[in-house]
There are 2 protein chains.
Amino acid sequence: MFQALADPTRRAILDELQDRSGQTLFELCARLAMKHGTGSSRQAISQHLGVLEEAGLVHSRREGRYKFHDLDTSPLRDIVERWPVTDEERP
Amino acid sequence: MFQALADPTRRAILDELQDRSGQTLFELCARLAMKHGTGSSRQAISQHLGVLEEAGLVHSRREGRYKFHDLDTSPLRDIVERWPVTDEERP
DNA sequence: ACATTATGCAAGTATCTACTTGCATGTCAA
DNA sequence: TTGACATGCAAGTAGATACTTGCATAATGT
């Protein structure tokens, strides 16, 4: 799961799914090309989605020939539970 | 910073520093060899500390020939601010 | 049925990353 | 000073990883 967060494209995918839940692979490709500029191929994003899904950060549901993807932030709780964030001011 | 969290040895270092603040490189080597079993070399851990420090997760202070390391969890706040963790039950 | 659309799989490649190796720097104690 | 201790730097190597390429599967529309 930490590995899944390590890639900037995957983080952009999480951002996209948070902005708009239930996107398909093609929607994600289009919107990532728009916003992030970096034109990642469909195959690349498909593989990224696989990694994110295996990490539990993304769930998918199949409907016909479409596959919709949803963000799941609950695995991130492990991070702040493992290393609690102090309430002090940031430098 | 996400990159820094991606390596299991680096996460073990963060655990160690949380358990006991202000450890030197040698202390970390010894305790990581004890607990985590995986005997990482001194040079390897030194490089890991460099990565963690660059990510802002570890701060260091030099005193004589010793260099003490401290955990800083505040960068982790960016994660939960970027993708807020829902309060729902975990499956 | 046929073409199109949306996704999946798998091998190959180029880059990145963690680790090692060997030497250098700086500090303290006798 | 001499020697031991604690750390730093930098080049080289093995393995991991992101991306591509090419084809396969499956569902929808006309």
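Reckoned from all heavy atoms, side chains included, excluding hydrogens, waters and symmetry mates. Residue numbering restarts at 1 for every chain, and letters A, B, ... go by the order of the sequence lines.
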For [N], does OP1 or OP2 lie under 4.0 Å from any side-chain N or O of [X]?
X: A/Lys67; N: C/dG8; answer: yes
X: A/Thr24; N: C/dT7; answer: yes
X: A/Ser46; N: C/dT7; answer: no
X: A/Arg10; N: D/dA18; answer: yes

What nucleic acid atoms does [X] come within less than 4.0 Å of, heavy atoms only: base, sugar-phosphate, or nothing?
X: A/Arg62; value: sugar-phosphate
X: A/Gln47; value: base
X: A/Ser40; value: nothing

Measure from [atom1] on [X] to [atom2] on [N] and round the result to the nearest Å.
X: B/Gln23; N: D/dT7; atom1: CD; atom2: C1'; answer: 16 Å
X: B/Leu49; N: C/dC19; atom1: CG; atom2: P; answer: 12 Å
X: B/Tyr66; N: D/dG8; atom1: OH; atom2: P; answer: 14 Å
X: B/Glu54; N: D/dG8; atom1: CD; atom2: P; answer: 14 Å
X: B/Ile45; N: C/dC19; atom1: CD1; atom2: C1'; answer: 12 Å
X: B/Leu32; N: C/dA18; atom1: CG; atom2: C1'; answer: 15 Å
X: B/Arg42; N: C/dT21; atom1: CZ; atom2: P; answer: 13 Å

**Message:** Show the nearest heavy-atom pair for residues B/Ala55 and B/Pro75, with the distance to one decimal.
**Reply:** O-CG, 4.1 Å
**Asked** Any idea which heavy atoms bring B/Lys35 and B/Asp19 closest together, and the distance?
**Response** NZ-OD2, 3.3 Å
**Prompt:** Closest nucleotide of DNA chain D for A/Asp7 versus for A/Gln43: which of these residues is on the 5' side?
**Reply:** A/Asp7
**First of A/His48 and A/Glu63 reached from the 5' end of DNA chain D, by closest nucleotide** = A/His48
**Asked** C/dT5, D/dC19, C/dT27: which one has an atom nearest the side-chain heavy atoms of A/Arg65?
**Response** C/dT5
**ILVMFWY cluster, B/Leu71 and B/Val51 together (side-chain gap under 4.5 Å)** = no
**Asked** Does B/Ile79 reach the side chain of B/Leu5, with side-chain heavy atoms less than 4.5 Å apart?
**Response** yes
**Message:** Can you see whether B/Phe26 has B/Arg42 sitting over its ring - NZ or CZ less than 6.0 Å from the centre and within 45° of the normal?
**Reply:** no
